[in-house]
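Accompanying notes for the structure given below.
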Amino acid sequence: MRYDHKKIEKKWQKKWKSSNLYKTKDDPKKKKSYVLDMFPYPSGEGLHVGHPKGYIATDVYSRLKRMQGFNTLHPMGWDAFGLPAENFAIKNKIHPRKAVEKNIKRFKEQLAMLGFNYDWSREINTTDPAYYKWTQWIFLQLYKKGLAYQSNEPINWCPSCQTGLSNEDLDGGLCERCGSQVEKRSMRQWVLRITRYADRLLNDLELLPKWPEHIKEAQRNWIGRSEGALVSFSLTDVPGQTSGTHQVEVFTTRPDTMFGATFVAISPELAQKWIEVGWQASKEVHEYVQKALADRITQGVKGVQEKTGIHAGISAINPANQEKIPVWVANYVLGDVGTGAIMAVPAHDERDFEFAKKYQLPIVQVVKPVYVDKINPVREGVKNTKRSIVIIAVKHWEKDLYLMNASEKYKWKILFTGGIEEGEDPVETAKREIREESGYKNFRSGRVLDFVHKDVFYAPHKGVNREVDVTNVLLELENGEMGEITEEEQALHQVSWKTREEMIQEISHDNHRFVFRYATEGGRPNDWSGTLIHSGAFDGMTSDQAKKKITDHVGGVWTTTYRIKDWVFSRQRYWGEPIPIIHCAACGVVPVPDKDLPVKLPEVKNYAPTGTGESPLAAIEKWVNVACPHCKGRAKRETNTMPQWAGSSWYWLRFMDPKNKKSFVDKKKERYWKPVDVYVGGDHAVRHLIYARFWHKFLYDLHLVSGKEPFTRLEFLGFILAEDGRKMSKRWGNIIRPDDIVKTWGADTLRLYEMFMGPFTDAIAWNTNNMIGVRRFLERVWTLRESVSAKDNRDLDAVLHRTIKKVGEDIEAFKFNTAVSQMMVFVNEAHGKVVGRAQWEMFLKILAPFAPHSTEELWTQLGYKKSIHRESWPKYSARKIKVAVTTIAVQVNGKVRGEVSLAPDAPKDDACAAGRLAVLKWLENKEEKNVIYVPGKILNFVIGE
RNA sequence: GGGCAGGUGGCGAAAUGGUAGACGCAUCAGUCUUAGGAACUGACGCCGCAAGGCAUGGGAGUUCAAGUCUCCCCCUGCCCACCA
């Protein structure tokens with residue numbers, strides 16, 4: 001009988017369903033495993049072959065866990081509220097609920113084709129009132145704890161989607177759904193106080209060692225905690241000054257550099273505010289502000305590259321040194337970051353530096369960086385000496401080449417250096433040193449760089465530790481004429497001309513490389529920490545010490561700020577959970593009593609957005625007008641709805657207990673099933689995970705859930721690209737549908753191929769030819785059943801047991817590709833040989849998670865009535881993995897010159913004897929200095945030349 | 001600009017510091033044939049008739065031994081971003 005995937009797959013999918021094979025029961029005595037997919041949003045497009053990749057992985061993983069004896073929870077559901085469903089419904093003129101039902105049906109059919117082991121009795125749907133009742137209930141708990149509040153602060157408004165958006169819904173200042181430029185609009189909003197959890201969301205990332213580092217890093221960026229000082233600069237010379245313009249407050253993370261603040265820069269937004277309160281800015285300033293604000297809107301914050309600004313005609317007093325410095329309006333200062341104004345320290349901030357260069361503003365270095373040498377670190381018990389030196393970059397008289405000063409003896413490649421004599425001009429020192437050490441003697445120019453630093457190192461040629469104050473000099477030669485130099489100097493300096501690129505690449509010491517770059521490419525602040533200079537009483541302190549001291553000195557406040565803002569939680573749209581609040585003229589804001597939950601979405605004729613800032617629900621008077629639960633007086637319902645993120649912020653808890661009518665999850669069941677052991681998905685690196693962690697922590701604080709973090713391990717998949725390497729999309733016409741693949745090649749082939757393509761986390765292009773190779777593997781498996789015999793084939797034991805071991809370990813580690821290739825190795829090995837029945841059964845079991853249909857069919861052919869998917873995972877025998885003879889490489893001086901077959905545990909003498917014969921011609925007449933033998937791996941003869 | 005992940009054959013990719021390229025695709029040669037999306041046998045990093053040499057983005061280093069560890073440079077992808 002040939003391998004007929006069509007018949008087999010349909011047959012078993014039916015049987016599994018009717019026998020409830022994958023139903024999960026709560027069994028407190030058994031150890032559990034909770035394997036969860038990020039549940040999908042059921043779009044109208046249906047699935048392409050990229051979508052199931054994560055579902056296949058969790059299917060394989062959860063099948064392994066079940067076979068290993070775990071009580072396994074592996075559910076699926078639908079995240080079906082939100083703008084896309086609503087926009088789809090409006091466009092196609094059907095009710096969103098109808099559209100969602102239709103889409104879910106289609107999704108389920110497509111998932112069913114692939115033979116997944118979901119327990120469908122636990123299916124949930126965020127738009128089901130029995131589900132969103134609890135979403136509303138959790139919202140009310142947030143409200144009761146003061147974590148949900150109303151606000152009239154201006155929020156982001158998308159004119160196209162006609163709804164408010166949270167900061168997280170923006171992409172570079174544009175609406176992430178439709179790309180429209182977002183406006184600021186003041187309107188009443190519900191907001192969740194996620195900032196109160198910011199520190200815990202940040203710190204508890206440390207509780208998640210099994211999360212990918214890049215996801216954690218993205219979350220840290222998103223939370224954006226930074227510590228710094230709030231400092232006031234008083235203003236003078238403000239035309240039309242009012243109380244609003246007496247002073248300007250800035251936020252800085254570097255108060256230690258305050259003595260180097262040579263100007264203040266304010267955002268166009270703040271300038272506008274000042275104008276509104278009476279500042280009589282000049283015509284030019286006025287025009288600049290208007291233009292900068294307009295650019296923000298037309299180009300978005302992202303689009304503006306060039307830094308521009310204008311002197312505001314105002315002065316500020318630097319509170320550190322009481323110096324009068326100018327105030328500029330600058331487009332690189334943003335209105336909604338920090339206070340909307342900065343103190344600019346061009347010597348130590350890249351952006352301020354760029355601006356200061358452009359407008360010729362003073363640059364004052366106030367931190368002297370200390371470079372601690374890693375190649376020649378200071379030594380204990382050696383004399384410490386202090387000196388002043390120059391580091392000298394020397395430019396060629398004609399070409400763009402520079403002098404490299406190499407030393408064979410000390411193995412370094414650096415610039416020239418030399419000690420400054422008492423009272424000597426650093427440029428003269430530099431010229432003298434170059435004449436003495438290189439011989440070049442005529443100079444066109446020389447200048448001292450506006451950058452000093454300190455080096456701390458051990459000087460091997462003098463045998464002392466050095467702490468040196470460095471002045472940096474750039475010399476340019478007039479011509480190539482050379483004078484006499486001593487032999488001693490010649491031996492010490494191997495002089496050569498190098499291009500700029502070669503210099504940067506070859507210089508062996510970081511400080512010299514930095515000086516070279518500074519001299520030839522222009523200035524850039526560096527991040528070596530250091531001590532203060534030009535800072536009055538604070539000179540000599542380290543940056544860290546000075547930060548708080550200077551903040552105190554100027555009367556500033558040390559504070560913590562976050563990039564993450566409170567979560568704007570209301571949407572002025574129809575298709576979402578109604579916010580369960582009643583507004584009563586007499587009692588104010590009244591939460592809907594628990595007994596009246598859920599507040600169901602009413603039927604409505606027109607669910608298109610109104611654009612007035614009110615949701616379509618506001619027009620349904622019968623629904624809006626209610627009696628106040630308190631005073632029974634006339635009251636109105638809240639008409640805003642929740643954002644799409646609401647339903648997915650707690651759904652993993654509902655799967656534990658999906659039908660519970662008394663609470664969102666039974667406490668006992670929660671304690672048994674928590675936490676999610678493996679969570680698998682692709683999108684949503686930041687927002688969903690942050691929101692979910694936030695709600696979970698909140699529920700933890702109410703003692704409603706029993707763990708601090710919901711997801712122990714996160715596996716983040718790489719997307720499958722189209723065959724042309726682009727994203728699969730209707731637009732490119734490169735979509736491949738699983739339906740077609742399953743029909744032609746079978747679900748098992750598709751599953752196995754998606755696991756075999758490459759590393760799970762990599763984005764890899766689909767390749768149908770490669771997939772056919774996997775189908776060939778399944779056919780060879782099918783053929784193998786003909787050579788099964790009663791007695792085991794001992795020759796296959798080692799490879800079989802190695803395969804069992806590797807497949808189990810690789811699935812556990814989500815290294816599915818190498819698990820599959822190991823099974824291919826086994827089948828190649830078994831090809832043309834007799835396979836013992838017991839061996840065959842073990843192999844079918846380890847293949848079963850990947851290819852559930854064909855293995856089930858082959859299993860039945862052996863006469864079994866019970867499903868293979870209820871079998872347990874085979875145990876490998878460590879003894880059988882061991883082989884009698886193995887081939888190891890024989891090296892001579894690390895190069896492979898032959899090989900030899902040995903027992904893996906052969907003694908060294910035997911190995912050497914056999915090895916010598918194998919590489920005889922390489923050893924003749926040579927002195928054998930050493931032999932390295934690693935049993936089972938390698939034999940290396942080290943010989944003299 | 002910052003962070004993270006990467007850079008290995010014609011392609012997808014393997015490789016606890018120990019024979020680089022497992023496994024698969026494609027290609028080539030052959031066998032068989034009921035001419036099929038066949039199957040089977042073999043070859044397949046580069047240069048070279050061979051002996052051998054050269055090869056994991058480039059350069060240095062540590063080591064008996066480096067794709068793997070250290071340092072520097074270059075490039076690509078993803079995320080964040082004039083975040084003060």
Side-chain angles (χ1 to χ4, degrees), chain A residues 172 212-222 224-226 228 250-254 265 267 301-302 304-307 330-334 336-345 349-352 354-355 374-375 411 413 501-502 504-510 513 524 561-563 685-686 718 744-745 753 756-759 761-777 779-780 783 815 817-825 827-828 831-832 887-899 921 929-934 936-943:
Chain A
E213 198 46 50
H214 73 277
I215 303 283
K216 289 197 274 188
E217 198 53 36
Q219 297 206 6
R220 286 187 199 109
N221 282 343
W222 197 271
R225 184 179 199 272
S226 67
V250 304
F251 178 77
T252 175
T253 56
R254 295 293 305 276
S267 59
V301 177
K302 253 187 190 169
V304 180
Q305 303 289 343
E306 170 93 4
K307 286 182 180 48
N331 69 340
Y332 76 98
V333 183
L334 303 181
D336 53 1
V337 175
T339 60
I342 61 165
M343 65 172 208
V345 186
D349 181 279
E350 186 113 19
R351 294 151 300 172
D352 297 344
E354 191 187 330
F355 193 82
K374 284 168 281 185
I375 299 167
K411 285 199 167 182
K413 287 181 163 184
E501 288 71 27
E502 286 166 342
I504 289 166
Q505 201 173 112
E506 292 175 23
I507 290 176
S508 55
H509 287 58
D510 280 351
R513 181 179 297 109
R524 271 202 320 254
T561 62
Y562 298 90
R563 200 194 73 106
V686 178
T744 316
W745 306 99
Y753 171 57
F756 180 64
M757 295 178 85
T761 48
D762 285 11
I764 297 168
W766 179 268
N767 181 315
T768 300
N769 269 332
N770 288 4
M771 187 199 65
I772 292 169
V774 167
R775 162 81 191 201
R776 284 206 274 266
F777 163 71
E779 302 214 11
R780 280 203 296 278
T783 316
K815 286 158 70 176
N817 55 330
T818 48
V820 174
S821 54
Q822 182 61 38
M823 290 190 283
M824 289 173 168
V825 169
V827 169
N828 291 347
H831 180 79
T887 302
I888 71 168
V890 183
Q891 300 181 335
V892 177
N893 281 354
K895 291 205 168 173
V896 178
R897 297 302 187 190
E899 55 184 37
K921 70 181 235 197
K929 286 182 170 170
N930 195 8
V931 186
I932 312 283
Y933 175 51
V934 183
K937 298 277 190 199
I938 203 146
L939 179 67
N940 187 11
F941 293 97
V942 185
I943 62 169

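Lettering follows sequence order; numbering is per chain, from 1.
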>> Using the side-chain contact (heavy atoms from CB on, under 4.5 Å) criterion, which residues pair with A/Ile764? Sequence neighbours excluded.
In response: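 side-chain contact (heavy atoms from CB on, under 4.5 Å) check on A/Ile764 returns A/Met757, A/Pro759, A/Asp762.
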Rounded distance in Å - [atom1] ([X]) to [atom2] ([N]):
{"X": "A/Trp222", "N": "B/C83", "atom1": "CH2", "atom2": "P", "result": "15 Å"}
{"X": "A/Trp766", "N": "B/A26", "atom1": "CH2", "atom2": "P", "result": "15 Å"}
{"X": "A/His831", "N": "B/C23", "atom1": "NE2", "atom2": "P", "result": "14 Å"}
{"X": "A/Met823", "N": "B/A14", "atom1": "CE", "atom2": "P", "result": "16 Å"}

Detail all sub-3.5 Å separations between protein N/O atoms and N/O atoms belonging to nucleotides 6-12 of chain B.
residue	atom	partner	partner atom	Å
B/G12	O2'	A/Met757	O	2.6

Phosphate OP1/OP2 of [N]: any [X] side-chain N/O under 4.0 Å:
{"X": "A/Arg225", "N": "B/C83", "result": "no"}
{"X": "A/Lys307", "N": "B/G1", "result": "no"}
{"X": "A/Arg351", "N": "B/C83", "result": "yes"}
{"X": "A/Arg780", "N": "B/G24", "result": "yes"}

> Could you spell out the base pairing of RNA chain B in dot-bracket, with Watson-Crick or G-U pairs whose two distances are under 3.5 Å, [ ] crossing and | to another strand?
Replying inline: (((((((..(((.....[....))).(((((.......))))).(((....)))..(((((..]....))))))))))))....
Protein-nucleotides 64-66 of chain B N/O pairs under 3.5 Å:
residue	atom	partner	partner atom	Å
B/C64	O2'	A/Asn940	ND2	3.2
B/C64	O2	A/Asn940	ND2	2.8

Would you tabulate the pairs of protein nitrogen or oxygen atoms and nucleotide nitrogen or oxygen atoms of nucleotides 68-72 of chain B closer than 3.5 angstrom?
residue	atom	partner	partner atom	Å
B/C72	O2'	A/Gln505	O	3.4
B/C72	O2'	A/Arg513	NH2	3.1

For nucleotides 32-38 of chain B, print each protein N/O atom paired with a nucleotide N/O atom at under 3.5 Å, atom names and distance only.
none

>> Please give the distance between the P atoms of B/U27 and B/G37 as a whole number of Å.
In response: 15 Å
Sugar-phosphate, base or nothing in reach of [X], heavy atoms under 4.0 Å:
{"X": "A/Gly224", "value": "nothing"}
{"X": "A/Val333", "value": "base"}
{"X": "A/Lys921", "value": "sugar-phosphate"}

> Will you find, in the side chains of A/Asp352 and A/Tyr332, an N or O donor that is under 3.5 Å from an N or O acceptor?
Replying inline: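 Present: a donor and an acceptor within the cut-off.
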> Got a salt bridge between A/Arg220 and A/Glu217, using NZ or NE/NH1/NH2 to carboxylate O under 4.0 Å?
Replying inline: yes
> RNA chain B: A/Gly898 or A/Val337, which has the more 5' nearest nucleotide?
Replying inline: A/Gly898
> Shortest non-hydrogen contact from A/Tyr753 to A/Asn767?
Replying inline: OH-N, 3.1 Å
